[in-house]
Amino acid sequence: MEFTITSEQILWLCGFIATIYGVYKIIKELKKPSDDLKAMVQLHDDLLKKDNERLSEVENSNKMILQCLLILINHDITGNGIDRMKEARDELEEYLINK
């Protein structure tokens with residue numbers, strides 16, 4: 001039994017491989033906009049999470065500042081409340097140390 005490969009078979013095989021590669025490239029190009037969009041959405045999601053963490057930290061800082069300001073206003077109005085001012089100072093120190 002003899003097995004021979006003709007030039008026609010070689011050309012057919014090369015054409016088949018080129019066709020498969022062409023289909024692969026077309027599918028890849030069709031998926032590219034979707035993949036790019038997914039990557040952009042993921043990037044924006046990560047940036048949004050970081051911004052939310054930063055805003056949460058700013059909100060906590062603002063809350064601490066407003067609490068201290070309220071205590072100072074109450075002390076200025078009433079002229080007493082030194083114990084509450086000491087507590088607020090300790091809370092503020094603890095917040096700044098842990099920040």
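Nothing here was measured: the structure is a model prediction, and the numbers come from that model. All residue numbers refer to positions in the sequence shown, counting from 1.
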Value rounded to 0.5 Å, distance of CE in Met85 from SG in Cys68:
9.0 Å
Please check if the side chain of Glu29 supplies one atom and the backbone of Ile26 the other of a donor-acceptor pair under 3.5 Å.
no
So CD1 of Ile71 and CD of Glu91: to nearest 0.5 Å the spacing works out to 6.5 Å
Parallel, tilted or perpendicular: which describes the rings of Tyr21 and Tyr24, with under 30° parallel and over 60° perpendicular?
tilted
Give a yes or no answer on whether the side chain of Tyr95 reaches the backbone of Met64 with a donor-acceptor pair at less than 3.5 Å.
no
Do Leu70 and Leu66 make a side-chain contact, defined as non-hydrogen atoms from C-beta onward lying under 4.5 Å apart?
no
Surrounding CD of Glu59 (heavy atoms of other residues, nucleotides or ligands, distance under 6.0 Å), is the total greater than 12?
no
Any Gln9 side-chain heavy atom under 4.5 Å of Thr6 side chain:
yes
Criterion salt bridge (charged side-chain N to carboxylate O under 4.0 Å, His left out) on Asp90 and Lys86, from CA distance to verdict
CA-CA 6 Å; Asp90 294 340; Lys86 288 180 182 178; over 6 Å; no
Please report the interatomic distance CD(Glu57) to CD(Glu53), rounded to the nearest 0.5 Å.
9.5 Å
So with a 6.0 Å cut-off around CD of Glu8, is the heavy-atom count from everything else above 12?
no
Student check: side-chain heavy atoms of Glu94 and Asn98 closer than 4.5 Å
yes
Quick one: do Phe3 and Leu13 end up in the same hydrophobic cluster if we chain Ile, Leu, Val, Met, Phe, Trp and Tyr together by side-chain heavy atoms under 4.5 Å apart?
no
Taking only Lys NZ, Arg NE, NH1 and NH2, and the carboxylate oxygens of Asp or Glu, determine whether Asp36 and Lys32 approach each other closer than 4.0 Å.
yes
With rounding to the nearest 0.5 Å, note down the distance linking CG in Leu47 to CG in Asp51.
7.0 Å
Rounded to the nearest 0.5 Å, what's the gap from NZ on Lys28 to CG on Asp35? Could you check?
10.0 Å
Electrostatic pair Asp46-Lys50, nearest N-O below 4.0 angstrom:
no
Between the side chain of Asp76 and the main-chain N/O of Leu72, is any donor-acceptor distance below 3.5 Å?
no
Can you measure from CD1 (Ile65) to CD (Gln67) and round to the nearest 0.5 angstrom?
10.5 Å
